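Not measured: the values here are computed from a predicted model.
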Amino acid sequence: PMLQKTEFIWFDGKLVPWDQAQVHVLAHGLHYGTGVFEGIRAYACPDGSSAVFRLPEHSKRLVNSAKILGINMPYTADEISKAIVETVVANKLSEGYIRPLAFAGEGDMGVFPGNNPTHVIIAVWPWDAYLGADALENGVAVGISSWRQRSNNAIPPAVKATASYMNSILAKMEAKAHGYAEAIMLNEAGLVCEGTGEDLFI
């Protein structure tokens, strides 16, 4: 489904209009995948308020992921959490999806990001269940992917990195081509590892 725009994106510490949230085409993260992100849900509550699912844990993992990858994170986990709430409120979003992302910007090229600045954005938008509302009631068809999940010694599994999702993209494309809604990925030992979609803390 088409992404539904909201009014503001939090960009490097301030709210900017959606269409003005732009970066240079030579941003390191665009070329080499030097970025980390989270996929978070906000849910409408019976009293009319909104609740963000496990916000402190998601913010902490974003900061830790950046640290593991050597990306200089200019904000603490608490600051990220406050910015997420600010962005949800500014966009009057009672329920939907939240995408915080930190990535290396323009500067040095080559695989080493050097002293490139880190950009941090938080975008929010309305988004139904990942595989559709019907999937929650009736399930979906899945298939075992021929693509294997990346090994622990390739990209650390504790890091939710933009680069590692090429693995999931390949598996998802294959699943769609074979008529499945989702792929189940195995690790190199042939054990069930995960699907290709957004994860949740359990």
Does [X] belong to the same Ile/Leu/Val/Met/Phe/Trp/Tyr cluster as [Y], with side-chain heavy atoms less than 4.5 Å apart forming each link?
X: Met185; Y: Tyr180; result: no
X: Trp147; Y: Met166; result: yes
X: Val85; Y: Phe8; result: yes
X: Leu30; Y: Ile121; result: no
X: Leu3; Y: Tyr165; result: yes

Give a yes or no answer on whether the side chain of [X] reaches the backbone of [Y] with a donor-acceptor pair at less than 3.5 Å.
X: Glu174; Y: Ser146; answer: yes
X: Asn187; Y: Gln149; answer: no
X: Glu95; Y: Ala44; answer: yes
X: Lys67; Y: Asn72; answer: no
X: Asn167; Y: Arg148; answer: yes
X: Thr118; Y: Ile71; answer: no
X: His28; Y: Gly110; answer: yes

If I compare all heavy atoms of [X] with all of [Y], which pair ends up nearest, and what's the gap?
X: Gly35; Y: Leu69; value: O-CD1, 4.2 Å
X: His58; Y: Phe53; value: CD2-O, 3.2 Å
X: Ser59; Y: Ala77; value: CB-O, 3.4 Å
X: Asn116; Y: Gly105; value: ND2-O, 2.9 Å
X: Thr162; Y: Gly33; value: OG1-O, 2.9 Å
X: Ser50; Y: Leu93; value: OG-O, 3.9 Å

If you round to the nearest 0.5 Å, how far is [atom2] of [Y] from [atom1] of [X]?
X: Glu38; Y: Glu57; atom1: CD; atom2: CD; result: 10.5 Å
X: Arg54; Y: Ile40; atom1: CZ; atom2: CD1; result: 12.0 Å
X: Phe37; Y: Arg99; atom1: CZ; atom2: CZ; result: 4.5 Å
X: Ile98; Y: Ile84; atom1: CD1; atom2: CD1; result: 6.0 Å
X: Lys160; Y: Ile68; atom1: NZ; atom2: CD1; result: 13.5 Å
X: Glu182; Y: Lys176; atom1: CD; atom2: NZ; result: 8.5 Å

Are the side chains of Ile80 and Val120 in touch, meaning some heavy atoms are under 4.5 Å apart? yes

Would you mind reporting whether Ile122 and Glu86 have side-chain heavy atoms less than 4.5 Å apart? no

Thr76-Asp78 side chain donor-acceptor pair, cut-off 3.5 Å: no

Hey, mind stepping through Phe11 and Gln22 against side chain to side chain contact (heavy atoms under 4.5 Å, CB included) and telling me if it holds? CA-CA 9 Å; Phe11 191 111; Gln22 300 175 4; over 6 Å; no

Hey, what's the ring geometry for Tyr75 with Trp10, parallel, tilted or perpendicular (30° and 60° as the breaks)? perpendicular

Walk me through it: do Trp18 and Glu7 pass the test side chain to side chain contact (heavy atoms under 4.5 Å, CB included)? CA-CA 6 Å; Trp18 178 286; Glu7 190 172 357; over 6 Å; no

